[in-house]
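All remarks here apply to the structure that follows.
Indexing begins at 1, ligand by ligand and atom by atom, following the structure's order.
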Amino acid sequence: MASKKTDDEPLQTRQHNDEAPLSIVLRDFVNMKNNRRATVMTRFTVVLYMCCSILVYLAFSKGHAESCYGFCDKLTTTSRFSSSPSDSGDELREKQPLPSFANGGIIFWLHVPKTGGVTIRKALQRGNGQYLLADDRRKFDEHKKALAKYLKYGTDGQVVVFELHAYDSPPLFEMRERLHRWREIAERSNVPFFAFTVLREPVSFALSFFNFFHGMDHGDEHFEYYETANEFDLLNHAVVNPQCGFLVQGDVIFHNKMAQQTVVLPLCKAAYETLWEEMDWVGTTASLSNETFPLLRSIVKSSRTNGDANHLLAQNIRHRNKSPDKVTRSDLGPRSIDQIRMMTRWDQTMYYNAQRDFPFDKMQLVEDQKPPQRSTGRRRPL
Ligand SMILES: *[C@@H]1O[C@H](CO)[C@@H](O)[C@H](O)[C@H]1NC(C)=O
């Protein structure tokens, strides 16, 4: 009976221009006839359901899909990441001569946490020269200005070390273009530039990670402290592909499960690709003293300001930052080891690839490089 009237009412309310659109919609809705209201409700439910489905699909597919969301330009289609460790062939690098720092030069080091970095830092800091430690964003911004000058005008015979220890500084992924530019500038201005990083075997990384973040009381709400701990505590806090995650996202990855979810395989591939392109050397924690330190020593020694750089001799290296061994390798049963390996498959691949792509015996120490003029002299035919 009053139906005509109620149908007209919404029209009148629409004339109140100053009313909020939501209240108009609500009033329209309340004034509807029952059957129309039901139809609108049904449609609304259907739309809501579709939206939810799409969201759920996106959320779940993101973890598995090999597609990229907004990162496509950064991804490359190389198969270097997935080829087996024994595949080498023509991909293998030629003998890589280390740069001579006779007139100074710059060492850039990307410090991946829990890879023996504090040992490296303490050792390098014992040399003469400049040590630019960028372990937070403010210092990063400050040191990057200093570095820009060294890149352009040289280092006046000094060894300049720039350590990027992300905390809240940019991760490798964000650094990619900058690093590339730094190298180009250095090349143009004839300043020797050597970039390196160190990765760690994933199970060893997981142990070190737990013992440091959870075995020591840092008073950090992100990391639960354990007075005593067992393998299950470790598994409980183990991070999925932490090293790849760190390169892609920075150390937010260590305590943020949501951030961990965003590290998909193509991003790991791209991170490794960046290492391949921008690093002169990717070492391992296990071979610090017989590979990375000898390389660093050869470079530092070649500068006229560092004598024979004996502080970088293996026997003079003191191992630092030893966390308490709350959980050790022998505490891990085979199942736990399997589980860690499953969680760190891409880190594992990266680790093997680094050993394949940066073989120590292909690196040529500065002192082993013959000055070119002398060798041509010897070869001159009679
Ligand atoms: C250095 O030591 C590691 C671990 O003991 C070993 O795997 C690697 O082959 C060694 N490297 C060289 C060049 O001897």
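Applying the 4.0 Å criterion to heavy atoms of Ser287 picks out, from ligand 1, the atoms 1 (C). Ligand 1 places these atoms under 4.0 Å from at least one heavy atom of Phe360: 13 (C).
Residues Asp325 and Thr328 have side chains that never bring a donor and an acceptor to within less than 3.5 angstrom of each other.
Residues Phe223 and Phe209 have side chains in contact (heavy-atom distance under 4.5 Å, counting atoms from C-beta outward).
For the salt bridge (charged side-chain N to carboxylate O under 4.0 Å, His left out) criterion with Asp141, the lone passing option out of Arg138, Lys139, Lys144 is Lys144.
Under the 4.0 Å distance rule, the nearest protein heavy atom to atom 7 (O) of ligand 1 falls outside the cut-off.
For the pair Lys326 and Tyr226, the cation-pi criterion (under 6.0 Å, within 45° of the ring axis) is not fulfilled.
The closest protein non-hydrogen atom to atom 2 (O) of ligand 1 is Asn290 ND2, 2.4 Å. Atom 11 (N) of ligand 1 has its closest protein heavy atom at Glu291 OE2, 2.8 Å. Closest protein heavy atom to atom 4 (C) of ligand 1: Ala286 O, 3.8 Å.
The pair Arg335-Asp338 fails the salt-bridge criterion, with no side-chain N (NZ, NE, NH1 or NH2) lying under 4.0 Å from an Asp/Glu carboxylate O.
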